[in-house]
2 protein chains.
Amino acid sequence: MISVLIADDHTILRHGLVSLLSKDENIRVVAEAADGVEAIKKALELKPTVIVIDISMPEMNGMEAVKRLHEQLPEAKVLVLTMHEEQEYVIHMVRAGASGYLLKDSASDELIDAVKALAEGKTYFSQYAASVLATQYNKPAESWQDPYKNLTNREREVFHLIIEGKTTKEIARSLDISVKTAENHRGKVLDKLDVANAAELVRYAAKHHLLM
Amino acid sequence: MISVLIADDHTILRHGLVSLLSKDENIRVVAEAADGVEAIKKALELKPTVIVIDISMPEMNGMEAVKRLHEQLPEAKVLVLTMHEEQEYVIHMVRAGASGYLLKDSASDELIDAVKALAEGKTYFSQYAASVLATQYNKPAESWQDPYKNLTNREREVFHLIIEGKTTKEIARSLDISVKTAENHRGKVLDKLDVANAAELVRYAAKHHLLM
DNA sequence: ATCCTTCTAGGGGTTTATCCTGATTCTTTA
DNA sequence: TAAAGAATCAGGATAAACCCCTAGAAGGAT
């Protein structure tokens with residue numbers, strides 16, 4: 001019997017998942033959680049075989065929750081269920097200790113397959129996630145990282161000011177540096193993140209959840 | 001017997017919803033759709049009593065789908081299922097012809113209640129959506145409107161090209177108009193949405209979920 | 001018929017952004 | 001210690017963005 005903990009902040013969807021998994025006689029959903037904190041609490045208490053977790057939850061973000069679950073309960077297998085197709089997500093989750101990664105728009109049979117695979121100590125990655133991981137192995141250790149990480153501290157400051165709609169002159173005043181220097185930082189930021197203008201930079205920020 | 005069409009691009013979640021609704025003996029899910037276009041096609045073909053639709057779908061955005069469903073199949077009741085709590089969404093959906101609005105994180109019993117209410121010709125709004133609507137009735141008719149709505153068709157086209165990072169020259173080429181005209185449109189868009197530059201415009205788009 | 005809006009286009013201007021190069025100072029790293 | 005990176009500033013250039021303005025053509029509304 002595979003005991004499963006389901007963590008998803010959306011009640012209806014969570015119940016939908018419970019309903020789906022309960023159809024399989026080898027799976028028993030022993031608990032539900034609406035946020036990361038609750039998920040960890042119940043996981044430590046009930047020690048489920050598999051934890052199905054939606055990474056877009058409030059209170060504690062999914063990545064943090066996965067990391068803590070893996071630290072505090074390494075024998076439990078974490079299956080990340082998400083709607084995010086971004087490469088960063090897959091990699092970050094694997095680094096955090098996830099044993100499986102499933103997109104919400106994959107087939108529903110896959111969910112049951114994934115839970116069973118994890119219960120057997122295997123891993124399970126959706127086609128997409130698997131290909132992302134495969135690709136990443138062929139890259140040097142740093143380059144897969146979010147290009148944002150390659151920004152220097154100063155550049156990161158400038159980055160945030162740009163995406164707030166500030167002009168170079170305003171940035172210079174705000175950081176108490178010359179306009180020319182601010183201009184240089186701006187140029188490097190655009191260059192490093194491979195965007196052509198401020199509009200694209202804000203898009204980049206939105207895509208990578210860096211918009212405050 | 002209430003026939004229901006479920007439209008949601010996330011397969012697992014969609015099946016979860018089917019599973020949930022199928023538990024009630026008075027409800028029969030007659031079809032599923034993974035996008036707006038498919039939803040309309042199947043709705044016209046099967047003429048379900050209630051259409052449960054997730055408004056964050058690809059191909060055709062939810063609002064457009066709701067609008068068309070209401071136009072082409074006015075006897076079908078549309079229940080909007082969403083994770084968006086934004087006020088704009090509720091109002092836009094009601095204007096588009098939705099008879100119900102339910103947040104994904106509401107209780108799962110509510111879904112069945114909502115479907116039944118709509119089948120009886122009633123409306124159903126989650127606590128939150130209802131309060132939003134109530135609040136809006138106390139406001140002047142124009143002020144609640146998304147300034148985006150005040151853009152002309154042409155301006156809206158330009159708006160979307162700007163937030164894609166296109167320059168004025170590229171926009172002009174793309175729309176086959178002079179650079180000066182594109183520049184004028186651009187100016188009006190910034191002015192109407194009360195932003196100072198393209199970066200702020202993209203922020204605006206992100207905030208109002210207009211970023212594709 | 002007249003008014004209003006939209007779309008179109010242009011003139012002419014200032015400000016900002018983008019893109020080079022080169023250089024100094026300081027810190028960190030090999 | 002030498003090399004590399006980070007932060008600073010500047011000159012010089014082109015392109016783009018932004019901000020005024022006027023104005024004609026087309027269409028709908030009153």
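Note on naming: letters A, B, ... go to the chains in the order of the sequence lines (proteins, then strands), and numbering restarts at 1 for each one.
Summarising the geometry, the separation between CZ on R156(B) and C1' on dC7(C) is reported as 15 Å, rounded to the nearest angstrom. Rounded to whole Å, atom C1' of dC19(D) lies 11 Å from atom CG of L190(B). R186(B) places its CZ atom 17 Å from the C1' atom of dC20(D), with the value rounded to the nearest Å. In this structure, the NZ atom of K188(A) is 14 Å from the P atom of dC9(D), given to the nearest Å. Spacing between atom CD of E157(A) and atom C1' of dT8(D) amounts to 14 Å, rounded to whole angstrom units. Regarding E155(A), its CD atom lies at a distance of 10 Å from the P atom of dT8(D), rounded to whole Å. Atom CG of N153(A) and atom P of dT28(C) are 12 Å apart (whole Å). Residue I177(B) contributes atom CD1, which lies 15 Å from atom P of dT6(C) at whole-angstrom precision.
Both T168(A) and T181(B) lie near DNA chain C, and the one whose nearest nucleotide falls closer to the 5' end is T181(B). Sequence order on DNA chain D of the closest nucleotides to A196(B) and S178(A) puts S178(A) first from the 5' end. In terms of position on DNA chain C, the residue among K180(B) and L175(B) whose nearest nucleotide sits closer to the 5' end is L175(B).
A donor-acceptor contact under 3.5 Å is formed by the side chain of N184(B) with the base of dA9(C). If you check distances only, the side chain of E183(B) does reach the base of dC19(D) with a donor-acceptor pair under 3.5 Å.
A close approach under 4.0 Å does occur between a side-chain nitrogen or oxygen of H185(B) and OP1 or OP2 of dT8(C). The phosphate of dC7(C) has OP1 or OP2 within less than 4.0 Å of a side-chain N or O from T152(B).
E183(B) has a carboxylate O that lies under 4.0 Å from a charged side-chain N of K180(B), or vice versa, which qualifies the two as a salt bridge. R154(A) and E157(A) are joined by a salt bridge, as a carboxylate oxygen and a charged side-chain nitrogen come within less than 4.0 angstrom of each other.
In this structure, the nucleotide among dT16(C), dC9(D), dA7(D) sitting nearest to the side chain of K169(A) is dT16(C).
At distances below 3.5 Å, not a single donor-acceptor pair connects side-chain atoms of R186(A) with backbone N or O atoms of V158(A). E155(A) places a side-chain N or O within donor-acceptor distance of the main-chain N or O of T152(A), the cut-off being under 3.5 Å.
Taking atom C1' in both dT15(C) and dT22(D), one finds a spacing of 22 Å when rounded to whole Å.
Atom-to-atom distance recorded for L44(A):CG and K42(A):NZ is 13.0 Å, nearest 0.5 angstrom.
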